[in-house]
Protein chains: 2
Amino acid sequence: MNALFKALSHPVRRRIIAMLRAGPLASGDIAAGFDMSWPTITGHLNALKEAGLVSPEREGQTIRYRLEISAVEEAMAFLMDIAGTGETAEVPSIAQKAPRR
Amino acid sequence: MNALFKALSHPVRRRIIAMLRAGPLASGDIAAGFDMSWPTITGHLNALKEAGLVSPEREGQTIRYRLEISAVEEAMAFLMDIAGTGETAEVPSIAQKAPRR
DNA sequence: ACCCTAATTAGGGGGATAGCTAATTGCAAG
DNA sequence: CTTGCAATTAGCTATCCCCCTAATTAGGGT
């Protein structure tokens with residue numbers, strides 16, 4: 001849970017996650033989308049992997065990263081519990097605030 | 001968004017949030033729930049405030065912190081967007097090569 | 001075996017974080 | 001004004017995070 005939210009706290013990592021929504025991508029393809037060195041991206045991918053948000057698969061000489069939705073859901077579950085909306089079936093468009101004294 | 005997830009990435013801060021679910025609490029009452037110095041807790045409260053997750057209200061000589069559900073929902077919205085089947089969402093424009101297969 | 005590409009690991013510098021103790025501010029009451 | 005309680009700010013140290021370049025591992029092709 002710790003590493004999970006921490007991974008989500010960096011804009012580059014959030015953008016990587018957004019990229020992977022469409023499907024798995026090779027490390028190099030991800031790195032190409034940023035104006036940073038490839039090793040730096042590798043570091044972010046490791047952080048995401050540590051958080052359980054992505055998983056690597058070797059495929060020849062390339063390595064593809066796949067988004068792990070279950071980790072996203074885990075974070076979501078925590079937030080729902082806080083927000084007081086225990087149901088996953090419905091999206092509450094109106095949220096009630098805690099009663100003000 | 002950045003400070004928001006970062007605030008959530010620390011166990012003490014998550015526990016503070018959980019404590020505030022039931023209703024606003026004074027800084028001292030929060031600090032009493034942890035085995036750390038009060039100033040340290042003040043620091044965590046500042047981080048939460050910066051993230052928009054809590055807001056302080058002075059009441060006499062005590063200061064009560066109230067949970068801001070809207071910030072929680074903001075984080076939840078991001079995660080739902082990711083967990084959703086990735087149809088409509090802010091797609092980061094990336095230099096994307098043809099999917100290698 | 002050799003070389004080329006893909007990707008990671010190693011190492012280092014600079015800045016942010018987390019914890020502490022000590023000092024300070026803000027309020028209320030005497 | 002002084003005292004007392006609540007809470008924060010100041011100042012410090014140790015650790016972690018982010019980014020870089022250089023070196024290394026791993027596979028595939030010739």
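So you know, we letter chains A, B, ... as the sequences are listed, proteins then strands, and number each from 1. None of the values given here were measured: they were computed from a predicted structure.
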Legend entry - Sugar-phosphate only, base, or nothing, as touched by B:Thr62 at under 4.0 Å among non-hydrogen atoms: sugar-phosphate

Legend entry - 5' priority, DNA chain D, between A:Met36 and A:Arg58 [closest heavy atom]: A:Met36

Legend entry - Per A:Ser27 side chain, nearest of listed nucleotides D:dA7, C:dT8, D:dT21: C:dT8

Inset, instruction - Specify the separation, in whole Å, of atom CZ of B:Phe34 and atom P of C:dG19. - result: 10 Å

Inset, instruction - Can you tell me the distance, in whole Å, between the CD atom of B:Glu50 and the P atom of C:dA16? - result: 13 Å

Inset, instruction - Enter the distance from B:Leu79:CG to A:Met80:CE here, rounded to the nearest 0.5 Å. - result: 9.0 Å

Legend entry - With A:Leu45 via side chain to side chain contact (heavy atoms under 4.5 Å, CB included) - residues at least two apart: A:Ile16, A:Ser27, A:Ile30, A:Ile41, A:Leu48, A:Tyr65

Legend entry - Phosphate contact (D:dC18 OP1 or OP2) by A:Arg13 side-chain N/O below 4.0 Å: yes

Legend entry - Rounded distance in Å - CG (B:Leu48) to P (C:dT17): 14 Å

Inset, instruction - Mind checking the CG-CD1 spacing from A:Leu67 to B:Ile82? Nearest 0.5 Å is all I need. - result: 7.0 Å

Inset, instruction - Looking only at side-chain atoms of B:Gln61, point me to the closest of D:dA7, C:dG19, C:dG26. - result: C:dG26

Inset, instruction - Specify the separation, in whole Å, of atom CD of A:Glu57 and atom P of C:dT8. - result: 13 Å

Legend entry - Nearest-angstrom distance from the residue atom CD1 of A:Ile41 to P of C:dA6: 16 Å

Inset, instruction - Using a heavy-atom cut-off of under 4.0 Å over every strand shown, decide if B:Tyr65 touches base, sugar-phosphate, or nothing. - result: sugar-phosphate

Legend entry - Presence of B:Thr40 side-chain N/O under 4.0 Å of C:dG19 phosphate oxygens OP1/OP2: no

Inset, instruction - Return the residues of residues 1-9 of chain B meeting this criterion: a heavy atom under 4.0 Å from some atom of DNA chain D. Order them by number, or give none. - result: none

Inset, instruction - Look at the side chain of B:Arg66 and the backbone N and O of B:Leu20, then say whether any donor-acceptor pair between them is shorter than 3.5 Å. - result: no

Inset, instruction - List the atom of A:Glu68, the atom of A:Ser55, and the distance in Å for their closest heavy-atom pair. - result: OE2-OG, 2.6 Å

Inset, instruction - Report yes if at least one side-chain N or O of B:His10 is closer than 4.0 Å to OP1 or OP2 of D:dC16; otherwise report no. - result: no

Inset, instruction - Counting heavy atoms from C-beta on, name the nucleotide in C:dA18, C:dA7, D:dC18 closest to the side chain of A:Ile63. - result: C:dA7

Inset, instruction - Give a yes/no on whether any side-chain N or O of A:Thr42 is located under 4.0 angstrom from OP1 or OP2 of C:dA7. - result: no

Legend entry - B:Asn46 side chain near D:dT9 phosphate (N/O to OP1/OP2, under 4.0 Å): yes

Inset, instruction - Report which part of the nucleic acid B:Ala31 touches: base, sugar-phosphate, or nothing (heavy-atom distance under 4.0 Å, all strands). - result: nothing

Inset, instruction - Looking only at side-chain atoms of B:Trp38, point me to the closest of C:dG19, D:dA7, C:dA7. - result: D:dA7

Legend entry - Euclidean distance, atom CG of residue B:Asp35 to atom C1' of C:dA18 [Å, nearest integer]: 15 Å

Legend entry - Ring-face cation of A:Arg14 near B:Phe5 (centre distance under 6.0 Å, axis angle within 45°): no

Inset, instruction - Among D:dT9, C:dA7, D:dC18, find the nucleotide with the atom closest to the side chain of B:Pro39. - result: D:dT9

Legend entry - B:His44 side-chain N/O to C:dG19 phosphate OP1/OP2 under 4.0 Å: yes

Legend entry - B:Met76 side, atom CE; B:Ile69 side, atom CD1 - distance, nearest 0.5 Å: 9.0 Å

Legend entry - A:Asp81 bridged to B:Arg21 by N-O distance under 4.0 Å: yes

